[in-house]
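All heavy atoms count here, side chains included; hydrogens, waters and symmetry mates do not. In what follows, chains are A, B, ... by sequence order, proteins preceding strands, each numbered from 1.
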Amino acid sequence: MKEIIIQILKKSGITLKDSEIEKLIEVPPSSDFGDYSFPCFILSKKEKKSPDKIAEHLTEKIKLPGEIEKVESKGPYLNFFVNKKILAEQIIKINSNFGKSPIGKNKKIVIDFSAPNIGKPMHIGHIRSTILGDSLMRIYSFLGYDSIGVNYLGDIGLHIGKLIVAYELWLDKDALKKNPVQELLRLYVKFCAKEKSKLTEGVEEEFQDNEWTNRAKEKLKLLELGDKNTEKIWHDIRKSSEKGFNKVYEMLNVDFNETVGQSEFSEHGKKIVTNALLKNIARSEKDGAVYVEIDRQKKFILRSNQTASYITYDIGAAVERYKKYNFEKMIYVTDFRQKDHFDKLFKILKLFGYDFSDKLVHLPFGTIRFGKEIIATRTGDIILLEDVLKKTIEKAEKEIRKRKTKGDAEKVGVGAVKYVVLKSSPSADVQFSWEQALNFEGDSGPYIQYSYARASSIIKKAGKFNKSKIKILNLTPAENNLVKKISMFPEIVINSEQSLNPGLIANYSFELAQIFNEFYHTCPVIGDKSEAFRLLLVDAFRTTIKNSLYLLGIEVAEEM
RNA sequence: GCCCUGGUAGCUCAGCCUGGAUAGAGCAUUAGCCUUCUAAGCUAAGGGUCGCAGGUUCAAAUCCUGUCCGGGGCGCCA
């Protein structure tokens, strides 16, 4: 539609380039002002006439094609009114592919997301990476990309050593079988409590020298040396943890193409570091620690005891993944606190001669706050993700019972949680509260699902109808708005991919649902003289809302 | 100290990239609407120095500089 307006303006003798015109065209604040507008300030400067006069003059000069109903000058603005009948004809023809695009054809995107730590339960803090990453996967696939989701499990580190110590001392086998997540958490919390009294304040964990921390370090060393018994416990812990993770992933309907432990890249990483050392790109300290200079600062990439550190694994993992997938882009979805880490990782890879480092992107997201509490696994002070989901599903059940309908409580509850997480832009912190998560009214997932269910109900009640008899009468304002909003969906999807922000789709879905509800309120469908057209419009709405919620990982229900 | 973030209605946020018309939603508050396709809905009202101060511009919540307040990161934790 924009294209058409650019052509009209060009024909009217404007001395601006296409791209300049496109930049200037905007959507007016109110639909009373039209659908698109063109401000004349720049022309006013060029032609040294008042912008109001230029706008007025242009209205007289312009010749309108069928797609544009009328053009009006209002002050310094030239306002275009789109012929909604023509737009409506296009909209009622959309199918389930609406919004899809081939722009990603033959391109691979790897998305690294979720990445929980083995031995710790998934809590409200993990929800963001998981849901954001999953939504990005869906968006990329929708746009034709081959998207590959990788779950990079934190299966190594001092917390593992602690857990192994606790496992040997206090494990309750039956409890582990019954509820692996709870039992592992109990072990971890117990260890931390024991350790706490011995900790020296102000000293980093790594350099703590006390009975408990030392035992954990020892276990970690044994694990690295390949001690059979320790390895067995480690495997047990991973297996039990994964059971817990999978339960949550199932509830969330999140899949990965690959689940891999961080520790598997230890050797790859070390080899790359050794090579860099040989080529003199990296240097070593007297005590054997290896570093590179990044931004005039030393960044250590191998510890003095020759074991890998976080970044060593990530170097190995990135290189291996590029070999495996030859991706167009790889996105790491993690907490914003790791921004520096990833910036440095990318620079190090570049320094080492891996040009694919330009294809790496870090998508940082803000903290989830729950009231004023700080979430701490070590004290067991956490809100389990599983509990959040269960609680919202319960609330959905209650609502459904109240209404005596046939809704799907799981879809509604999970949708509510996902929506809360996705609607704010990734960079912002999210204030999580039960009040908000359990609110199913207004700007919420259930509100959107509800509007879909209402639409479905109309379609169901109408039964079969004759599609060939469609006659589009003059559209009411509510119909106009709905047609216009639906037509914007494809653009929104592309914007949200480019800005890596599913929140745009979330906002759009809500606005679309709002507009539909207004339509629902003012335009009766069944029995109306525009029944056939309205049925098709309602169906187009269903398709659009279904697609946009799908991109957020939220399912629709025909009834609720 | 250096770097990264955020500050918009009582609360939660959108708008900022790419400057334009009266700064938008939701929650909460108040007042209406269920003999008509699901009231998880709709309509209306009140509520704003867009942290503060400069600058650029015909035009600044939006761009630039400074400043205050909150959060975070800063040589071998993940």
Side-chain angles (χ1 to χ4, degrees), chain A residues 23-24 26 28-30 33 37 39 41-42 44-45 50-51 74-77 79 115 117 154 156-159 204-207 262 285 287-291 293-295 297-314 335-341 343 364 366-367 369 396 399-400 402-403 405 407 412 420 423-425 427-433 435-436 439-451 453-462 498-499 503-504 506-507 510-511 513-514 517-518 520-528 534 538 559-560:
Chain A
K23 257 188 159 178
L24 287 169
E26 54 189 83
S30 153
F33 297 158
S37 69
F41 302 103
I42 289 187
S44 142
K45 222 174 191 180
S50 88
K74 191 175 174 75
Y77 292 91
N79 293 334
N117 283 333
I156 199 77
L158 200 52
H159 77 279
E204 274 190 43
E205 199 167 48
E206 189 72 11
F207 303 112
Q262 180 186 5
E285 297 274 51
D287 63 8
V290 180
Y291 67 90
E293 245 184 60
I294 297 289
D295 300 332
Q297 278 187 330
K298 283 180 186 175
K299 176 70 194 171
F300 283 86
I301 54 177
L302 198 66
R303 298 196 258 189
S304 52
N305 64 7
Q306 303 302 296
T307 59
S309 87
Y310 183 31
I311 200 152
T312 323
Y313 297 111
D314 278 6
D335 187 276
F336 72 106
R337 275 172 284 218
Q338 297 186 39
K339 188 175 185 304
D340 251 29
H341 165 78
D343 282 352
T367 316
R369 292 175 193 291
E399 293 292 323
I400 290 164
K402 205 164 84 190
R403 269 158 259 265
T405 50
V412 175
V420 168
K423 74 170 179 173
S424 24
S425 61
S427 63
D429 286 356
V430 167
Q431 190 68 41
F432 184 89
S433 63
E435 195 197 347
Q436 203 190 357
N439 173 31
F440 291 0
E441 282 160 27
D443 190 6
S444 71
Y447 171 94
I448 303 167
Q449 289 169 316
Y450 178 66
S451 62
R454 282 177 132 186
S456 297
S457 176
I458 295 175
I459 300 289
K460 194 178 158 196
K461 227 162 215 177
Q498 279 169 357
S499 53
L504 300 180
N507 288 338
F510 174 60
E511 286 161 11
Q514 257 182 328
N517 277 325
E518 281 163 37
Y520 183 92
H521 191 71
T522 52
C523 302
V525 176
I526 295 166
D528 191 82
R534 285 184 178 169
V538 168
E559 198 178 327
M560 71 181 266

Rounded to whole Å, please give me the gap between [atom1] in [X] and [atom2] in [N].
{"X": "A:Gln431", "N": "B:A14", "atom1": "CD", "atom2": "P", "result": "12 Å"}
{"X": "A:His159", "N": "B:A78", "atom1": "NE2", "atom2": "P", "result": "10 Å"}
{"X": "A:Asp340", "N": "B:C77", "atom1": "CG", "atom2": "P", "result": "16 Å"}
{"X": "A:Tyr447", "N": "B:C42", "atom1": "OH", "atom2": "P", "result": "4 Å"}
{"X": "A:Glu399", "N": "B:U38", "atom1": "CD", "atom2": "P", "result": "18 Å"}
{"X": "A:Met560", "N": "B:A39", "atom1": "CE", "atom2": "C1'", "result": "13 Å"}
{"X": "A:Asp429", "N": "B:A14", "atom1": "CG", "atom2": "C1'", "result": "16 Å"}
{"X": "A:Asp335", "N": "B:G72", "atom1": "CG", "atom2": "C1'", "result": "9 Å"}

Expressed as a whole number of Å, how far does the [atom1] atom of [N] sit from that of [M]?
{"N": "B:C50", "M": "B:U62", "atom1": "P", "value": "10 Å"}
{"N": "B:A60", "M": "B:U65", "atom1": "C1'", "value": "15 Å"}
{"N": "B:C16", "M": "B:C63", "atom1": "C1'", "value": "10 Å"}
{"N": "B:G54", "M": "B:G48", "atom1": "P", "value": "23 Å"}
{"N": "B:A61", "M": "B:G15", "atom1": "C1'", "value": "8 Å"}
{"N": "B:A28", "M": "B:G55", "atom1": "C1'", "value": "40 Å"}
{"N": "B:G32", "M": "B:U22", "atom1": "P", "value": "34 Å"}
{"N": "B:G10", "M": "B:U49", "atom1": "P", "value": "8 Å"}

Measure the [atom1]-[atom2] distance between [X] and [Y] for me, rounded to the nearest 0.5 Å.
{"X": "A:Tyr520", "Y": "A:Arg454", "atom1": "OH", "atom2": "CZ", "result": "4.5 Å"}
{"X": "A:Leu302", "Y": "A:Ile311", "atom1": "CG", "atom2": "CD1", "result": "12.0 Å"}
{"X": "A:Glu285", "Y": "A:Lys298", "atom1": "CD", "atom2": "NZ", "result": "4.0 Å"}
{"X": "A:Ser425", "Y": "A:Lys423", "atom1": "OG", "atom2": "NZ", "result": "12.0 Å"}

What about A:Asp287, does its side chain sit under 3.5 Å from the base of B:C76 through a donor-acceptor pair?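 Side chain to base: pair present.
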Answer with yes or no whether A:Ser37 presents, from its side chain, a donor or acceptor under 3.5 Å of a partner atom in the base of B:A21. yes
Can you identify which nucleotide, out of [options], has its nearest atom closest to the [X] side chain?
{"X": "A:Phe336", "options": "B:G71, B:A39, B:C58", "value": "B:G71"}
{"X": "A:Arg403", "options": "B:C74, B:A14, B:A40", "value": "B:A40"}
{"X": "A:Glu518", "options": "B:U43, B:U38, B:C37", "value": "B:U43"}
{"X": "A:Ser304", "options": "B:A40, B:C37, B:C76", "value": "B:C76"}
{"X": "A:Val525", "options": "B:A78, B:G41, B:C37", "value": "B:C37"}
{"X": "A:His521", "options": "B:C42, B:A21, B:U12", "value": "B:C42"}
{"X": "A:Phe41", "options": "B:C58, B:A39, B:C27", "value": "B:C58"}
{"X": "A:Phe440", "options": "B:G6, B:U38, B:A40", "value": "B:A40"}
{"X": "A:Arg303", "options": "B:C76, B:A40, B:G26", "value": "B:C76"}
{"X": "A:Arg337", "options": "B:G72, B:C4, B:A14", "value": "B:G72"}

With respect to the phosphate group of [N], does any side-chain polar atom (N or O) of [X] fall under 4.0 Å of OP1 or OP2?
{"X": "A:Ser425", "N": "B:A14", "value": "yes"}
{"X": "A:Lys339", "N": "B:C3", "value": "no"}
{"X": "A:Tyr313", "N": "B:C76", "value": "no"}
{"X": "A:Gln514", "N": "B:G41", "value": "no"}
{"X": "A:Tyr310", "N": "B:A78", "value": "no"}

[X] near the nucleic acid: base, sugar-phosphate alone, or nothing, with a heavy-atom cut-off under 4.0 Å?
{"X": "A:Glu559", "value": "base"}
{"X": "A:Ile400", "value": "base"}
{"X": "A:Ser457", "value": "base"}
{"X": "A:Ile526", "value": "base"}
{"X": "A:Val412", "value": "base"}
{"X": "A:Pro51", "value": "nothing"}

Looking at [X] and [Y], would you say the former's side chain and the latter's main chain have a donor-acceptor pair under 3.5 Å?
{"X": "A:Asp429", "Y": "A:Gly366", "answer": "no"}
{"X": "A:Asp335", "Y": "A:Arg337", "answer": "yes"}
{"X": "A:Thr312", "Y": "A:Ile301", "answer": "yes"}

May I ask which nucleotide in the shown strands pairs with [N], Watson-Crick or G-U wobble, both distances under 3.5 Å?
{"N": "B:G1", "result": "B:C74"}
{"N": "B:C63", "result": "B:G55"}
{"N": "B:A44", "result": "B:U30"}

A:Glu26 vs A:Glu435, nearer the 5' end of RNA chain B by closest nucleotide: A:Glu26
Go nucleotide by nucleotide along RNA chain B from the 5' end; which of A:Ser451 and A:Gln297 gets its closest nucleotide reached first?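 Looking at the nearest nucleotide for each, A:Ser451 comes out on the 5' side.
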How should the glycosidic conformation of B:G72 be described, syn or anti, under the criterion that syn lies within 90° of 0?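 You should classify B:G72 as anti.
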Could you classify B:C34 for me, syn or anti, using a glycosidic angle within 90° of 0 as syn?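 B:C34: syn glycosidic orientation.
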Which heavy atom of A:Pro51 sits nearest a heavy atom of A:Pro76, and at what distance? CB-CB, 3.7 Å
Kindly give the heavy-atom pair with the smallest separation between A:Glu399 and A:Phe440, and that separation in Å. CG-CD2, 4.1 Å
Quick test of the criterion, 5.5 Å between centres and less than 30° between planes. Is A:Phe33 stacked on B:A21 or not?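 It does: the ring sits over the base of B:A21.
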Exercise: do A:Tyr450 and A:Asn517 side chains pair donor with acceptor under 3.5 Å: no
